[in-house]
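Here is the naming used below: chain letters follow the sequence lines, and residue numbers restart at 1 for every chain. Here the structure is a predicted model, which is why all the values come from computation and not from measurement. Only this structure's heavy atoms are used, side chains among them; waters, hydrogens and symmetry mates stay out.
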Amino acid sequence: MAFNRRRTEENIFKVLMIAATATVISTLFVVFIVVLYRGLPALTWAMVTELPRGGYYLGGGGGILNAIVGSLYLALGGTLIALVLALPVALFLQRDYIRNFKLSRAIRLSLDVLWGVPSIVYGVFGFIIMLYLGMRASLLGGIIVLSLLELPIMIRAMDEVIRMVPAELKEISYAMGATRLETVTRVVCRQAFPGIISAMLLAFGRGIGDAASVLFTAGYTDSLPQSLFDPVASLPLAVFFQIGTPFPLVQERAYASAVILLLIVLTLSLVSRFLTNKYNKYIVR
Amino acid sequence: MLENGRSHISVRNLSVSYGKLEVLKNVTVDVPDRQITAIIGPSGCGKTTLLNCFNRLIDLKEGVKVSGSVLVDGADIYNDTSVDPTEIRKKMGLLFQKPFPLPMSIYDNIVYGPRLHGSYSRRDLDQMVEKQLKTVGLWEEVKDRLGSPAVRLSAGQQQRLCLARGLAVEPEAILADEPTSALDPVSTQHIERTFNELKKNYTIVLVTHILRQARRVADYIIFIYMGELIEHGPAEAVLNNPREKRTQAYMKGEIS
Ligand SMILES: Nc1ncnc2c1ncn2[C@@H]1O[C@H](COP(=O)(O)OP(=O)(O)OP(=O)(O)O)[C@@H](O)[C@H]1O
Ligand SMILES: [Mg+2]
C-alpha cells in the first residue's frame, strides 16, 4: 500500500512537471510564431535601411532605421556604462574584500530591491533630474537611465557566478603569493567569464527591450542622432507608436519592428554563446 | 630544539581559535630543514589549521584568531610587521587534498606563479614549464598538449601538475595537505617518489592520516590530538616506539 502511494505521488508530480514545462515552452513558441507570422511579411529591406519618410505612420514609405540605430546606441551605451560599474561592485562583494557578512547581505538586498523597481520609475526619475539640469530628452539621458536600470541586474547576475568560484581556487592563487587584485583578475574573472558574459547579455536584453525608461529621457525622432545631446528613437517605442495607429499596414510594421528586436537579441546570444564556448573548456568544476 | 639538523619552520606557543572554538592549543614544535615531516592525527584535530599557519593562509579564514609565533628562517611571520604575507606564501608551495588546476591551460598553470613575481621571456617560461613538468614526471604525458585545458587531465595528472605549479614559484618548502587522498595507488606512488626526490632541496610538510604513508616517506613526525601537540620526533622513534599513551592508541587504531 505504502509503496503504491509513493509511486502514485511520483507519477503525479512527474506529469505536473512535464505539463508545466510544456506550457512554458509552447507559450514561448506561440509568442515567437505570432510575432514572426505577423511581422515577417512586412519586414522589407527598406524597413531596416531607411528612415521614416513623410506620412510613414499613415502607411507611407520608408523604414525604422532611426529606431534600430537608436536602440543599438542606447542599449550598447547603457550596457557599457553598467559594465564598467557592475564588475567592480560584483568583485567587491566577494568575501575577500567585504569580511562583514551583514554588510554584503545588506548590499545584495538593496540591489535586489533596485532590480524590482519598475522601469517607469527610473524613467520618471531621470526625467526629473534632466528637467532640473535643463537637459532635453537625449541619447545621453537615455543611456544613463538605461545603465541605472541595467546595473542591479548585471551586478547580481555577476555576483551569483562570482560567488560560485571555489574558495580553493582563490586560496591556490594566494598561496603562490598573489595579491587580491591579481587573484581576482587572473583567476576569478577567468573562472567566471562565461557567467559575466551572460550577465551582460541579460542586462542588454532588459535594456534594449525597455520602453518606459527611454520614453521621457531619450524621446523619439525620425532622424538619426548627430550627437549625444540629440533625442533618439528606439525599437520598443517604434513598436508602441506603430501598433497604436489605425492602419493595418503600419500595425504590420510594428510586428516587423518586434522581429528586428528579437533578431538583435538573438544575434547577441549567439555571439556570446560562441565566446563563452571558447572559454568554457577551461572552467574548473 | 632539534637533536640533529637545522629547523626551517619553528612554531612557538601557537594557539588558533575560530570564534570560541580553540583549535590549536599552545603548540611548540620545529620542522626540520630538508626532510619530510608528516603531521598525523585524527580527523578534526587541527592538522590543516597548523599547516595553514605556516604560510599565513589562515589569515583568509573567517573569524580566526592566531596567537604565538611561527618563525620561518628565523623571521617571525606573525609578529614582525615588516613581513609581507605574499612573500611568505611565495616561499611555501601548497598542495591541496583535491587537485585544483587553475581555469587555464597546462602551460599557463605552471607559469602562473612565476608571472606574478617577475617578467620572463617566452624562452625562459618554456624552459621552466619543461623543467617542472619533468620533475613531477608529467612531461612525457603532456608535452604535446601544453595548450589544452588543465581540467582535461586525470586526477592523478592534475595533482602532479599542481605540484609542478607550486614548484615553479621556487619555494623553499612544500606544504601538502593529504595530497594523495583523492588519488589512485599508482598516482600516490608517483607523488611519494617525487617527494623523496624533492626533499634534497625542499622542506616538505605532509599532512596525512594514512599511517602507512607516514611510514613510507616521513623522516619526522608530528602527532596532534584535539589541538594539542602530543608527540614529535624522528619518524622511526615515534612510529615504532611512541612514548605517549595517546600516540600508542592512535597507532593501534583505537582513536581516530
Ligand atoms: N573555517 C573554519 N571555521 C570554523 N571552524 C573551523 C574552520 N576550519 C576548521 N574548523 C574547525 O577546526 C578544527 C580543526 O580543523 P582542521 O581542518 O585543522 O582539522 P584536520 O586535522 O585537518 O582534519 P581532517 O583530517 O578531517 O582534514 C575542526 O574542529 C574544525 O571543525
Ligand atoms: Mg584537514
Side-chain angles (χ1 to χ4, degrees), chain A residues 87 90-105 108 158 160-199 275-285, chain B residues 48 51-52 54-64 84-106 108-118 147-153 158 161-162 165-171 173-177:
Chain A
L87 192 57
L91 291 172
F92 185 60
L93 278 172
Q94 291 177 97
R95 229 184 43 76
D96 307 66
Y97 288 99
I98 303 186
R99 300 296 286 257
N100 183 344
F101 173 66
K102 281 188 185 142
L103 178 61
S104 50
R105 196 175 52 183
R108 289 195 171 99
M158 286 180 179
E160 289 299 326
V161 290
I162 286 169
R163 272 210 281 185
M164 299 292 285
V165 174
E168 289 90 340
L169 225 46
K170 299 191 220 173
E171 285 182 7
I172 282 166
S173 175
Y174 290 128
M176 282 191 280
T179 61
R180 275 188 301 197
L181 182 65
E182 286 162 343
T183 303
V184 158
T185 51
R186 301 182 193 197
V187 176
V188 175
C189 282
R190 260 175 198 253
Q191 170 78 4
F193 181 77
I196 289 173
I197 295 289
S198 308
L275 266 178
T276 54
N277 269 353
K278 270 179 62 177
Y279 277 86
N280 254 336
K281 60 179 189 232
Y282 291 102
I283 300 304
V284 180
R285 282 166 221 283
Chain B
T48 300
L51 197 74
N52 285 343
F54 294 169
N55 64 351
R56 288 193 56 172
L57 205 63
I58 194 90
D59 296 15
L60 305 176
K61 310 283 176 189
E62 214 142 341
V64 73
D84 179 358
T86 59
E87 286 301 313
I88 293 298
R89 290 177 190 147
K90 199 184 143 204
K91 286 188 183 178
M92 309 270 164
L94 188 67
L95 205 54
F96 285 103
Q97 178 166 11
K98 196 174 158 246
F100 266 99
L102 293 171
M104 43 191 89
S105 69
I106 296 173
D108 286 341
N109 261 272
I110 307 269
V111 301
Y112 180 83
R115 273 188 178 152
L116 293 172
H117 302 292
S148 73
V151 284
R152 294 221 182 121
L153 298 173
Q158 284 183 11
L161 177 71
C162 291
R165 181 181 62 197
L167 292 174
V169 189
E170 299 188 333
I174 296 161
L175 311 176
D177 194 354

Query raised in the report: Rounded to the nearest 0.5 Å, how far does CZ of B/Phe100 lie from CD of B/Gln158?
Result: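 The CD atom of B/Gln158 sits 9.5 Å away from the CZ atom of B/Phe100.
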
Shorter than 4.5 Å, heavy atoms on both sides: which option in [options] has the most such pairs with chain A?
options	result
B/Arg89, B/Lys91, B/Arg115, B/Lys90	B/Arg89
B/Arg56, B/His117, B/Met92	B/His117
B/Ala168, B/Pro171, B/Ser148, B/Pro103	B/Pro103
B/Leu116, B/Val169, B/Ile88	B/Leu116

Query raised in the report: So, does A/Ser198 use its side chain to make a donor-acceptor pair with the main chain of A/Pro194 at under 3.5 Å?
Result: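 Indeed, once roles are kept as given, a pair shorter than 3.5 Å links the two residues.
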
Requested in this report: Check for a donor-acceptor pair, side chain of B/Asn109 on one end and backbone N or O of B/Leu102 on the other, with a separation under 3.5 Å.
Outcome: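 Pair found, side chain donor or acceptor close to backbone of B/Leu102.
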
Query raised in the report: Side chain, backbone, both or neither: which part of A/Arg186 has a non-hydrogen atom closer than 4.5 Å to chain B?
Result: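 Its backbone and side chain both get close to chain B.
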
Query raised in the report: Charged N to carboxylate O under 4.0 angstrom, B/Lys98 versus A/Glu168?
Result: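 A salt bridge is absent here (no side-chain N lies under 4.0 Å from a carboxylate O).
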
Report task. Could you label the plane-to-plane angle of the A/Tyr282 and A/Tyr279 rings as parallel, tilted or perpendicular, counting under 30° as parallel and over 60° as perpendicular? Result ->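 Ring orientation of A/Tyr282 relative to A/Tyr279: tilted.
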
**Report entry** Which of A/Lys170, A/Lys281, A/Arg285, A/Glu182 touches chain B most, by non-hydrogen pairs under 4.5 Å
**Finding:**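 Sorted descending by pairs with chain B, the first entry is A/Lys281.
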
